[in-house]
Novice: 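Input: one structure, supplied below.
Proteins get letters first, then strands, A, B, ... in listed order; numbering begins at 1 in each. Side-chain atoms are counted along with the backbone in the values below, which use heavy atoms only and exclude waters and symmetry mates.
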Amino acid sequence: MKKKLQQLLKQSLASLVADGVLDILVDDIRIDHSKDKTQGDFATNIAMVLAKRAGYTPRMLAEKIVATLPSVNEIERIEIAGSGFINFFIASDSSLAVIDKIITKGSRYGCSNFGNGQKVLLEFVSANPTGPLHVGHGRGAAYGATVANLLRALGFKVDCEYYVNDAGRQMDILTTSVYLRYVKIKGDKFPNSGYKGDYIFAIAKKISGVAKLDIFTNVCKDEKDGGDKEKHIDDLIGNCKTLLGDDYKTIFDLAVNSILSGIKSDLSSFGVEYQKWFFEQSLVDRGLVKSMLEKLQMAGNIYQKNGALWFKTTNFGDNSDRVVVRDNKTSTYFASDIAYHSDKFRRGYDKIINIWGADHHGYAPRVKAAIKALGFDENKLEILLVQFAHLFRSGVKVPMSTRDGSFVTLQELCREVGIDAARFFYVLRKSEQHMDFDLDLAKSKSNENPVFYIQYAHARIFSVLEKAQIHKPYTADLTLLKNQYECDLVKQLNRYQDVLQNAACNYEPHTLAYYLRDLAGDFHSYYNNSEFLVKDKILRQARLSLIIAIKQILSNGLNLLGVGAPDKM
RNA sequence: GUCCUUGUGGCUCAGCUGGAUAGAGCGGCCGCCUCCUAAGCGGCAGGUCGCAGGUUCAAAUCCUGCCAAGGACGCCA
């Protein structure tokens, strides 16, 4: 309908251009769903936008536009209002048609081929495998999964990917932490920088047949003893590696695998599925980091300084050059990441989306710089930042640190508030909004979570249909739907398609969540003010058709958000 | 110091590609189940849209400056 109106307006403007009223044809004609029913169904501000250029007052220009507008059946009437808005009132049978469309298409309603099969790579969460996923990670997981669902609904071909950082120093710290828990040094002889969580003990318990050695000989003092905690842990790692030999790798693999399998199952039960788990180590194994460095070197983008190799990212928009190989000859995380991104580009995607925590925003320029330097199109890369979720308990902020072992896991959260509520809660805030997650509130008053409000509407409709013994769709005389509640609902249903498209294209799942709540709200009002199971069979059928359509949209929308639509509550 | 994000009723947030009287939930107060699920509905109270300028027919929305909160500025990942 929106498109149709744009088309008509375009024709009208074209004829005004021909008459010399306007000097130029504009392409971008904005059509909005009217907020207020007295303002019709759709409105455009085009007359106000063009008034000055045409030399008329907005209202006068609006008159001219309306006068030259071709008349079509779908438009019942047109009004000029306010300072020059043109309001369109859509013929009711045209609006009502949406009900049949929804019922016919069912769970496919809302899907389109807008994306035209374009291939999208969506990377999200990618938390280091040094501990279980916690509440902070949940937001990225819920957001990413929902964006994927939305894009797929619009006809994009989306691959979700998790980048596993299994090659850095943190993994060595993890391995050494596990070994120390296995050895069980008496007292509190555990490094400040080690991973202190209880899950480390659980992994350590799985080790058998490895010698229990003292790795504290000849190490730098820890911080609490007046030393350097970073040097301390590095020395411990060194001892651990040399003393354990092959057993080190065994413990390393055990640690990574147990943590990773936990992450995988947590995400899976959170309703988040990945097409690919990409290991940083695989880049090294395949020699991609090395070949990438060679490529940059040949292009003259690498120089040596203080014993390290630097990538001249400042040539490509970064504000400082970056080290890719340290003076101890090990390559940096950034080096792997360049190789990773060039691998992503080589895989032939039309769009590459990275969802990162907001703390990584400063990292974006150097990645984009690398992409440019390697000759890829940096416009294909979209970096979406998700702000942190701060967890509060009894009004006090709960620190979230994997290293210190102080965190609430995603699994615990789901157990306490339920998966539906958690998924919905995360996605209800726009991603760049700093989010406060009050655990006590979420737990003690979980019934007040808006997700139940929406699910309740769905369950209520199911219950009505069950009472009416309606199990399959049928046709009805929809023109009987004309009270105010029904008009509002029909209008709301007509918005769904646009809501989906906007939510997907702008990567804003929260707009869908708000839409669903509005729709549910309109339904609840209707429910409390109109009877569905009336004696008049024709009217009953019409009303039931309407609520069947509502139920379908609630279900479709909730599904996209990764939330269930229960029949009974 | 530089850069990013945020600042909207008591609280948590929508609205921000400029538009028609600034919305919702929670909390507070008052009503509604002999009737399809009261996890619901209706009503009331409550807002200088951080502050100050500017652009425009029109600014919560765009621009500038300032204030406040969070974050980023590593040979960490």
Novice: Below 4.5 Å, heavy atoms only, C-beta onward: do Ser336(A) and Tyr163(A) meet side chain to side chain?
Specialist: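 They are in contact (side-chain heavy atoms under 4.5 Å apart), so the answer is yes.
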Novice: For G1(B), which nucleotide is its Watson-Crick or G-U wobble mate, given both distances must be under 3.5 Å?
Specialist: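 Here G1(B) is engaged in a pair, and the nucleotide opposite it is C73(B).
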Novice: Do you see a donor-acceptor pair shorter than 3.5 Å between the side chains of Asn354(A) and His341(A)?
Specialist: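 The answer is yes; a qualifying pair exists.
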Novice: Under 4.0 Å, counting only non-hydrogen atoms across every strand here, what does Phe334(A) touch: a base, just sugar-phosphate, or nothing?
Specialist: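 It contacts nothing in the nucleic acid.
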Novice: Using a cut-off of 4.0 Å on non-hydrogen atoms, how would the nucleic acid contact of Ala51(A) be classed: base, sugar-phosphate, or nothing?
Specialist: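 The residue Ala51(A) makes no contact with any strand.
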Novice: NA contact type, Phe85(A), heavy-atom cut-off 4.0 Å: base, sugar-phosphate, or nothing?
Specialist: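 Result for Phe85(A) = base.
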Novice: For Asp318(A) and A72(B), give me the distance from atom CG to atom P, rounded to whole Å.
Specialist: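 The answer, rounded to whole Å, is 17 Å.
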Novice: Indicate whether OP1 or OP2 belonging to U12(B) is found under 4.0 Å from a side-chain N or O atom of Gln433(A).
Specialist: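 Answer no for this pair, as no side-chain N or O of Gln433(A) is under 4.0 Å from OP1 or OP2.
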Novice: Answer with yes or no whether Asn87(A) presents, from its side chain, a donor or acceptor under 3.5 Å of a partner atom in the base of A20(B).
Specialist: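 Side chain to base: pair found, below 3.5 Å.
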Novice: On the nucleotide C75(B), are OP1 or OP2 found under 4.0 Å from the side-chain N or O atoms that Arg169(A) carries?
Specialist: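 No, Arg169(A) has no side-chain N/O under 4.0 Å of OP1/OP2 on C75(B).
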Novice: Just name whichever nucleotide pairs with G18(B), Watson-Crick or G-U, keeping both distances under 3.5 Å, else none.
Specialist: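 Base partner found: none.
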Novice: Compute both the distance and the angle, then confirm whether Arg495(A) meets the cation-pi test with Tyr515(A): under 6.0 Å from the six-membered ring centre, within 45 degrees of the axis.
Specialist: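 Negative - Arg495(A) is either too far from the ring of Tyr515(A) or too far off its axis.
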Novice: When you measure from the side chain of Met569(A), which nucleotide among G71(B), A39(B), U6(B) comes out closest?
Specialist: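 Minimum distance to the Met569(A) side chain belongs to A39(B).
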Novice: Regarding His232(A) and Asn192(A), do their side chains bring together a donor and an acceptor under 3.5 Å, going by distance alone?
Specialist: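 Side-chain D/A pair, His232(A) to Asn192(A): absent.
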Novice: Base, sugar-phosphate, or nothing: which does Tyr363(A) touch, judged by heavy atoms less than 4.0 Å apart?
Specialist: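 Result for Tyr363(A) = base.
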Novice: Decide yes or no, distance alone: a donor-acceptor N/O pair under 3.5 angstrom between the base of G19(B) and the side-chain of Asn45(A).
Specialist: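 By the distance-only test, yes, there is a pair.
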Novice: Whole angstroms only, please: what is the CD1-P distance between Ile550(A) and C36(B)?
Specialist: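 Spelled out: CD1 on Ile550(A) to P on C36(B) is 19 Å.
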Novice: Could you pick out which residue, Thr511(A) or Asn306(A), lies toward the 5' side of RNA chain B when each is mapped onto its nearest nucleotide?
Specialist: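 By nearest-heavy-atom nucleotide position, the 5'-most residue is Thr511(A).
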Novice: Between G42(B) and Ser525(A), is there an OP1 or OP2 to side-chain N/O distance shorter than 4.0 Å?
Specialist: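 For Ser525(A), the contact criterion (side-chain N or O under 4.0 Å from OP1 or OP2 of G42(B)) is met.
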Novice: Within 90° of 0 counts as syn, otherwise anti: where does C33(B) fall?
Specialist: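 Classified syn.
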Novice: Using a cut-off of less than 4.0 Å, is there contact between a side-chain N or O of Tyr453(A) and OP1 or OP2 of A38(B)?
Specialist: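 No, no such contact exists.
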Novice: Starting at atom CZ of Phe452(A), determine the distance to atom C1' of A38(B), rounded to an integer number of angstrom.
Specialist: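 The distance from CZ of Phe452(A) to C1' of A38(B) comes to 17 Å, rounded to the nearest Å.
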Novice: Can you confirm whether the side chains of Gln492(A) and Asp488(A) place a donor and an acceptor under 3.5 Å from each other?
Specialist: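 Result is no, nothing qualifies.
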Novice: How many whole angstroms separate atom NE2 of His33(A) from atom P of A20(B)?
Specialist: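 About 16 Å, once rounded to whole Å.
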Novice: Check the distance between U5(B)'s C1' and Tyr143(A)'s OH and give it to me in whole angstrom.
Specialist: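 Taking OH of Tyr143(A) and C1' of U5(B), I get 14 Å after rounding.
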Novice: Across all strands, who's sitting opposite C13(B) as a Watson-Crick or G-U wobble pair, both distances under 3.5 Å?
Specialist: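 Its partner is G23(B).
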Novice: Side chain to side chain contact (heavy atoms under 4.5 Å, CB included) with Ile338(A): which of Val367(A), Val324(A), Val289(A)?
Specialist: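 Among the candidates, only Val324(A) passes.
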Novice: Closest nucleotide of RNA chain B for Ser34(A) versus for Asn319(A): which of these residues is on the 5' side?
Specialist: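 Result: Ser34(A).
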Novice: Describe, in one word, how the ring planes of Phe407(A) and Tyr199(A) are oriented to each other, choosing from parallel (under 30°), tilted (30 to 60°) and perpendicular (over 60°).
Specialist: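 The rings of Phe407(A) and Tyr199(A) sit tilted, inter-plane angle from 30° to 60°.
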Novice: OP1 or OP2 of C73(B) less than 4.0 angstrom from a side-chain nitrogen or oxygen of Arg322(A), does that happen here?
Specialist: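 No, Arg322(A) has no side-chain N/O under 4.0 Å of OP1/OP2 on C73(B).
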Novice: Which nucleotide, if any, forms a Watson-Crick or G-U wobble pair with C41(B), using both distances under 3.5 Å?
Specialist: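 C41(B) is paired with G31(B).
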Novice: Under the 3.5 Å rule, do the base of U5(B) and the side chain of His434(A) count as making a donor-acceptor pair?
Specialist: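 Per atom types, the contact qualifies.
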Novice: Over how many whole Å does the gap from Glu531(A) atom CD to C32(B) atom P extend?
Specialist: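 So the two atoms are 21 Å apart, to the nearest Å.
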Novice: Nearest whole angstrom, please: distance from the P of U8(B) to the NZ of Lys430(A).
Specialist: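 Checked: the NZ to P distance equals 11 Å.
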Novice: Does A39(B) have OP1 or OP2 sitting under 4.0 Å from an N or O in the side chain of His524(A)?
Specialist: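 So the side chain of His524(A) is outside the cut-off, no N or O lying under 4.0 Å from OP1 or OP2 of A39(B).
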Novice: Under a 3.5 Å cut-off for both contacts, is U64(B) paired Watson-Crick or G-U wobble with anything, and if yes, with which nucleotide?
Specialist: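 Looking at the geometry, U64(B) pairs with A52(B).
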Novice: For Ile259(A) and A77(B), what is the distance between atoms CD1 and P respectively, to the nearest whole Å?
Specialist: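 Those two atoms, CD1 and P, are 18 Å apart.
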Novice: Any side-chain N or O of Arg540(A) below 4.0 angstrom from OP1/OP2 of C36(B)?
Specialist: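 So the side chain of Arg540(A) is outside the cut-off, no N or O lying under 4.0 Å from OP1 or OP2 of C36(B).
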